[in-house]
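Data first, discussion second: the structure below is written as structure tokens.
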Amino acid sequence: MTAATTAARGPAGVAGESRGIRRRRRRDPSKASPWVTFTMISPFVVGVAAFVIYPVIATLYYSLTNFQEGSYRPVKFVGLDNYTALLTESDAFWIAVRNTLWMVVIMVPLRTLWALFAAWVISRIKSGAGFYRTIFFIPAIVPVVGAALAFVVMLNPVGPLNTMLARIGITGPGWFTDPAWSKPSLLIMALWACGDVIVIFSAAMLDVPKELYEAADLDGVNARQRFWHVTMPFLSPVIVFAIITGMIYTFQYFTEAFVASGSASSIQSSSDLLGYPAQSLLFYSTELYQQGFVYFKTGYASAMAWMLFVVIFVCTVGFLKLSRRWVYAAGEN
């Protein structure tokens with residue numbers, strides 16, 4: 001473009017032509033090359049393939065073989081032999097199953113009820129509710145290993161709690177060193193650290209329409225009826241969420257039991273590390289860890305992992321179907 005042409009067209013014409021060039025250069029996103037799209041999502045695809053899809057397929061394959069890490073024997077396909085050995089030849093497996101079911105049946109409902117009660121109490125506080133909500137939530141952000149170590153020290157047979165009980169004439173139990181009290185000790189720690197569930201319940205209670213409470217007061221209902229017929233229907237989806245997530249977590253219960261049993265056995269100078277005392281803290285995930293990373297029975301441990309997956313899947317789907325009968329959905333009467 002010559003200077004004469006530019007002068008003839010004027011500044012407005014030049015600016016319009018520049019905008020047209022930029023508009024032509026701007027590509028339609030829908031016409032982008034498939035390779036560009038794949039390049040952008042490739043980090044996610046590679047991550048999922050390497051850390052999710054491959055481990056799932058590999059463990060399924062190993063569960064059907066006699067593969068043992070560190071062994072030079074050839075890998076042999078054994079079919080369902082690992083699953084059969086789990087159910088018929090292992091006493092430790094059934095001990096771990098019983099301990100895990102105890103935690104699921106006892107800890108999950110108690111933890112949910114305690115969180116619901118604490119959230120209800122906080123919701124009735126006129127001032128300072130945020131402060132109390134924070135106090136309850138702080139234990140939930142404490143590292144699990146640190147919390148377990150602190151409870152082992154505090155609940156030591158000669159620790160601070162038993163010392164205070166002795167001053168008022170009460171003989172404290174052995175806690176983590178007593179098979180009868182080891183799982184209740186973990187239950188106490190779980191109730192102490194359920195601040196995340198308390199916060200969720202507190203938020204759900206704040207979402208209940210105040211008009212319903214006012215209508216209930218006009219009808220003359222008492223506090224128990226108002227909680228059961230007004231608050232509970234709105235909390236029912238949150239209760240289902242808390243139970244399902246708690247159930248999935250408890251079926252895989254590992255860190256607290258591993259740290260507590262190992263620390264308690266060290267304090268008592270015991271040679272038993274996993275499951276101490278007397279295998280009362282031997283849970284399913286602990287036994288899976290022992291088979292896979294202590295005895296290096298990779299095929300056997302893979303079979304345990306897949307059996308755990310099936311149990312969690314069946315329990316989750318079954319509970320969801322049962323909960324449809326009493327869970328309130330928006331728009332229902």
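Under the side-chain contact (heavy atoms from CB on, under 4.5 Å) criterion, Leu86 pairs with Phe93, Tyr300, Ala303, Met304, Met307, sequence neighbours left out.
When each of Tyr284, Phe283, Tyr289 is tested with Tyr253 by the rule ring-ring contact (aromatic ring centres under 6.0 Å, His included), just one qualifies, namely Phe283.
Residues Val240 and Trp326 are in side-chain contact: their nearest non-hydrogen atoms beyond the backbone lie under 4.5 Å apart. Between Phe251 and Thr100, the closest side-chain pair of non-hydrogen atoms falls below 4.5 Å. Contact annotation: the side chain of Phe136 never approaches that of Val199 to less than 4.5 Å [non-hydrogen atoms, C-beta and beyond]. In this structure the side chain of Phe234 never reaches within 4.5 angstrom of the side chain of Asp207, judged on heavy atoms. Contact annotation: the side chain of Leu187 never approaches that of Lys183 to less than 4.5 Å [non-hydrogen atoms, C-beta and beyond]. Val78 is not listed as a side-chain neighbour of Leu64, based on a closest heavy-atom distance of 4.5 Å or more. Counting only heavy atoms from C-beta outward, the side chains of Ser263 and Phe176 never approach each other to under 4.5 Å. A heavy-atom distance below 4.5 Å is found between the side chains of Phe151 and Ile188.
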Checklist entry - Does the pair Tyr213 and Thr231 meet the rule for a side-chain hydrogen bond (donor to acceptor under 3.5 Å, both in side chains), with working shown? => result CA-CA 9 Å; Tyr213 288 129; Thr231 306; 2.7 Å; yes
Checklist entry - Should Arg226 and Asp217 be marked as a side chain to side chain contact (heavy atoms under 4.5 Å, CB included) after you check the CA-CA gap, both sets of side-chain angles, and the distance that decides it? => result CA-CA 8 Å; Arg226 183 174 62 177; Asp217 292 336; 3.3 Å; yes
Next on the checklist: Run Trp306 and Thr59 through side-chain hydrogen bond (donor to acceptor under 3.5 Å, both in side chains) and show every step you take.
Outcome noted: CA-CA 8 Å; Trp306 270 94; Thr59 53; 3.0 Å; yes
Checklist entry - Taking it one step at a time, do Ile53 and Val48 satisfy side chain to side chain contact (heavy atoms under 4.5 Å, CB included)? => result CA-CA 6 Å; Ile53 298 177; Val48 171; 4.1 Å; yes
Next on the checklist: Set out, in order, the CA-CA distance, both residues' side-chain angles and the distance that settles side chain to side chain contact (heavy atoms under 4.5 Å, CB included) for Leu218 and Glu214, then state yes or no.
Outcome noted: CA-CA 6 Å; Leu218 292 176; Glu214 295 172 356; 5.6 Å; no
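Between the side chain of Thr250 and the backbone N or O of Met247 there is no donor-acceptor pair closer than 3.5 Å. In terms of modelled atom types and a separation under 3.5 Å, the side chain of Trp175 and the main chain of Pro184 share no donor-acceptor contact. In this structure a side-chain-to-backbone donor-acceptor pair under 3.5 Å is present from Asn222 to Arg224. Of the possible donor and acceptor atoms, none in the side chain of Thr286 sits under 3.5 Å from a partner among the backbone N and O of Leu282.
Smallest separation of non-hydrogen atoms from Leu235 and Ala204: CD2-CB, 3.4 Å. Minimum heavy-atom separation, Ala190 to Arg111: O-NE, 3.6 Å. Looking at every heavy atom in both residues, Pro179 comes nearest to Pro277 through N-CG, 3.7 Å. Between Pro109 and Val104, the shortest heavy-atom contact is CD-O, 3.5 Å. Of all heavy-atom pairs spanning Leu281 and Asn99, the tightest one is N-ND2, 4.3 Å. Ser261 and Leu274 get closest at one heavy-atom pair: OG-CA, 4.3 Å.
The side chain to side chain donor-acceptor pair (under 3.5 Å) contacts involving residues 75-88 comprise Ser63-Tyr83, where partners must be two or more places apart or lie in separate chains.
In this structure, Ile243 is a member of the same hydrophobic cluster as Val314, with clusters built from ILVMFWY side-chain heavy atoms closer than 4.5 Å. Leu288 and Trp94 end up in the same hydrophobic cluster when Ile, Leu, Val, Met, Phe, Trp and Tyr side chains are linked at under 4.5 Å. Cluster annotation: Trp102 and Leu110 are assigned to the same hydrophobic cluster (Ile/Leu/Val/Met/Phe/Trp/Tyr, side-chain heavy-atom contacts under 4.5 Å, transitive). In the hydrophobic cluster analysis, where Ile, Leu, Val, Met, Phe, Trp and Tyr join through side-chain heavy atoms closer than 4.5 angstrom, Leu87 is grouped together with Leu308. If you chain together hydrophobic residues whose side chains sit under 4.5 Å apart, Leu320 and Phe309 fall into the same group.
Put simply, CD1 on Ile244 and CD1 on Ile239 are 12.0 Å apart, with the number rounded to the nearest 0.5 Å. For the atom pair CG of Asn156 and OG1 of Thr177, the computed distance is 7.0 Å after rounding to the nearest 0.5 Å. With rounding to the nearest 0.5 angstrom, the OG atom of Ser202 is 4.5 Å from the CD1 atom of Ile122. Here SG of Cys194 is found 7.5 Å from CG of Asp196. Values are rounded to the nearest 0.5 Å. To the nearest 0.5 angstrom, His229 atom NE2 is 11.0 Å from Met232 atom CE. Rounding to the nearest 0.5 Å places OH of Tyr132 at 8.0 Å from OG of Ser127.
The number of heavy-atom neighbours closer than 6.0 Å to CZ of Phe131, taken from other residues, nucleotides and ligands shown, is 12 or below. Within 6.0 Å of atom CH2 in Trp228, 12 or fewer heavy atoms from other residues, nucleotides or ligands are found, so the atom counts as exposed in its surroundings.
Checked for salt-bridge contact, Arg98 and Asp91 miss the test: no charged N lies under 4.0 Å from a carboxylate O.
Through direct or indirect side-chain contacts shorter than 4.5 Å among Ile, Leu, Val, Met, Phe, Trp and Tyr, Phe313 is connected to Val317.
No side-chain N or O of Ser302 forms a donor-acceptor pair with one of Tyr61 less than 3.5 Å apart.
Phe254 and Phe258 have parallel rings, their planes meeting at less than 30° on a 0 to 90° scale where 60° marks the start of perpendicular.
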